[in-house]
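Taking it in order: structure first as structure tokens, then the write-up.
Quick note on labels: first sequence line is chain A, next is B, and so on, each numbered from 1. Hydrogens, waters and symmetry mates are skipped; everything else that's a heavy atom, side chains included, is used.
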Amino acid sequence: MALFDYTLEGESGHARAGSFETAHGTAHTPMFMPVGTLATVKGITPDQLHEIGSQVVLANTYHLSMRPGADLIAEAGGLHSFMQWDGPILTDSGGFQIFSLADTVKLDDDGVNFASIYDGAKIRWTPEDNMDIQQKLGADIIMQLDQCAPYPATREFVERAVDLSAAWAKRCLAAHTREDQALFGIVQGGMHLDLRLKSVNALREIGQASAEAGHKDFQGFGIGGYSVGEDHDVMFETLGDVARALPSNKPRYLMGVGNPTTLVRAVREGVDMFDCVLPTRTARMGTAFSSKGRMNMRNAKFKRDFEPLDATCTCPVCSKYSRAYLRHLVKSGEMLGGILLSIHNLHYLLDLMRRAREAVLAGAYEDFYEEWMASEGADDY
RNA sequence: GUGGGUAUAGUUCAGUUGGUUAGAAUGCCAGAUUGUGGCUCUGGAGGUCGUCGGUUCGAGUCCGAUUAUCCACC
């Protein structure tokens, strides 16, 4: 089996279980990927990431290219060596950051001009520039440069983003050379099903034409442009059709989605991979995921609660620390509070996807789904 | 003991020549957070203005007494 070839190991309804090889180990789907934008999952060491069952870890091209710079990371031997994470890494292209962070973005057919949020430096990226940077960073999976339309946006705006993203997808694929890296195309199209399908078809054609010419194909697909402010149910009006329009022999990655119920629902629609800052960001602000829903650990009701965070949880935090102690840490602004809650929240999502995978392999995803939706915490998300 | 200062929200303080419902910061209570510019953001509760008395149409504000506390000097 060649690197990155996706093996479909089981199906249950539309839900899928599969795996693919990277140069840094096998990834099993469905899976959640912890986000480590600046080559670190904030507050968590690589050993701890392993301990809670992390597979792929994310890093961000936009941020790393400006600080400390792609050349420095290449000089360090690449991201794996630099951050001492020996598992798979995925770098987001930074397209999302360009459009969500910068206030002065100028697009043209050939590329994009924007100002660095770090020092205001004027930067220009073509798709080729972006591929060059991501190949220097050396992640196992890299994402095409794309344009993520905001929500709400006019249909015309979204369609232009679809067309531009497709044009850039083609150029990213042509510029992609490293054999030990997989390139994912990204589907755009906002909440319009026809534009989504147009985006999917464009990517499929681009990949096929490239492969027929003896070059690479996309080895997976990101589904971008969701979770940009719309109600959760709006995404599910189109997500299933979009996911299933993608090739069944490639992993499907719903970008930026991380609340537990949405993951369980999206797996049911045929999505394989997720990433999100939600578990770690909310952890730093004092929120914990649990089998009974979200818990705000700052709440006074935990002041004298010496029980573990979640009695059903097997994570290293729940096996040792009490709610009262965690509340104390969070209330005191101690960094250990955010660290411990991050470990717990990541474990929660990693474990949720591990259980989802088992359910698919057992051919019982619908039972798993219904059990989840009926559970105490489901409607809390 | 003498002289002077201070006393307003849990805390540190602001409050005009006396004038509507006495403010801020912080703390407290709660909510938010979705391809990470976030020690962040949004709400809420909380004060018989040390106490007693007086002046005045009206006192956190002026006067007297008293209590507490700080400083200086004996």
Side-chain angles (χ1 to χ4, degrees), chain A residues 32-44 56-64 66-67 90-103 114-120 134 139 141-151 165 184-188 220-232 234-235 239 252-263 265-266 271 273-289 294-303 327 329-339 341-342 345 349 380-381:
Chain A
F32 177 80
M33 305 182 285
V35 177
T37 303
L38 285 162
T40 165
V41 179
K42 294 187 193 303
I44 305 187
V56 179
V57 168
L58 251 73
N60 188 276
T61 305
Y62 179 99
H63 293 285
L64 290 174
M66 288 175 222
R67 193 164 66 192
L90 181 154
T91 44
D92 187 18
S93 65
F96 183 83
Q97 280 66 34
I98 292 175
F99 297 103
S100 67
L101 298 181
D103 34 59
F114 59 96
S116 162
I117 55 162
Y118 291 94
D119 58 6
Q134 292 200 67
I141 302 170
I142 64 179
M143 304 301 296
Q144 72 152 103
L145 186 66
D146 68 329
Q147 182 189 1
C148 180
Y151 180 86
S165 295
F184 281 25
I186 300 179
V187 181
Q188 290 292 340
F221 295 91
I223 302 171
Y226 283 123
S227 274
V228 285
E230 79 280 11
D231 287 339
H232 291 183
V234 173
M235 174 174 78
L239 180 64
R252 305 159 180 168
Y253 161 31
L254 179 57
M255 306 180 76
V257 168
N259 85 54
T261 294
T262 308
L263 260 58
R265 291 179 69 186
V271 174
M273 301 161 63
F274 307 88
D275 82 283
C276 194
V277 301
L278 193 66
T280 43
R281 176 182 288 171
T282 58
R284 293 196 302 281
M285 301 302 154
T287 298
F289 292 164
R294 285 198 208 193
M295 294 165 67
N296 186 340
M297 294 314 294
R298 290 173 306 176
N299 286 174
K301 62 185 172 186
F302 301 124
K303 191 169 186 175
R327 174 178 193 270
L329 292 178
V330 169
K331 292 290 286 182
S332 306
E334 282 294 333
M335 64 172 87
L336 187 59
I339 292 170
L341 290 184
S342 291
N345 283 354
L349 290 185
D380 196 30
Y381 298 105

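- Remark: A:N299 is in phosphate contact with B:G31, judged by side-chain N or O atoms under 4.0 Å from OP1 or OP2.
- Rounded to the nearest Å, the gap between the C1' atom of B:U17 and that of B:U12 is 28 Å.
- Base pairing of B:A72 is made with B:U2, judged by Watson-Crick or G-U wobble geometry with both donor-acceptor distances under 3.5 Å.
- Using Watson-Crick or G-U wobble geometry with both donor-acceptor distances under 3.5 Å, B:A7 finds its partner in B:U67.
- The shortest distance between the side-chain N/O atoms of A:R298 and the OP1/OP2 oxygens of B:U33 is not below 4.0 Å.
- The A:H63 side chain lies nearest to B:G37 when the options are B:G35, B:G37, B:C28.
- Under 4.0 angstrom from either OP1 or OP2 of B:A30 there lies no side-chain N or O belonging to A:N296.
- Both A:G333 and A:G225 lie near RNA chain B, and the one whose nearest nucleotide falls closer to the 5' end is A:G225.
- Both distances falling under 3.5 Å, in either a Watson-Crick or a G-U wobble arrangement, place B:A24 opposite B:U12.
- Among the atoms of the strands shown, base atoms are found under 4.0 Å from some heavy atom of A:D92.
- Only the C1' atoms considered, B:U66 is 43 Å distant from B:A30, to the nearest whole Å.
- Side-chain atoms of A:K331 lie closest to B:C29 of the nucleotides B:C29, B:G37, B:A32.
- For A:D119, the side chain to side chain donor-acceptor pair (under 3.5 Å) criterion is met by A:S116, not counting sequence neighbours.
- With both ends at atom C1', the span from B:G23 to B:G60 equals 12 Å, rounded to whole Å.
- Which of B:C29, B:A32, B:G35 sits closest to the side chain of A:A300 comes down to B:C29.
- Pairing partner, B:G47: none, since no Watson-Crick or wobble contact has both distances short of 3.5 Å.
- Searching all strands for a Watson-Crick or G-U wobble partner of B:G35 with both distances below 3.5 Å returns nothing.
- Rounded to whole Å, the separation between the P atoms of B:A22 and B:G47 comes to 12 Å.
- When distances run from any side-chain atom of A:V277 to the nucleotides B:G35, B:G38, B:G37, the shortest one goes to B:G35.
- Under 4.0 angstrom from either OP1 or OP2 of B:G31 there lies no side-chain N or O belonging to A:R294.
- Rounded to whole Å, the P atom of B:C74 lies 38 Å from the corresponding atom of B:G18.
- The six-membered or imidazole ring of A:F99 lies away from that of A:Y62, with a centre-to-centre distance of 6.0 Å or more.
- One C1' atom belongs to B:C57, the other to B:A14, and the distance between them is 28 Å to the nearest Å.
- Separating the P atom of B:U61 from that of B:G53 is a span of 14 Å, rounded to the nearest Å.
- Minimum atom distance to the side chain of A:Q188 is reached by B:G35, of the listed B:U33, B:A30, B:G35.
- Remark: B:A30 base-pairs with B:U42. Criterion, Watson-Crick or G-U wobble with two distances under 3.5 Å.
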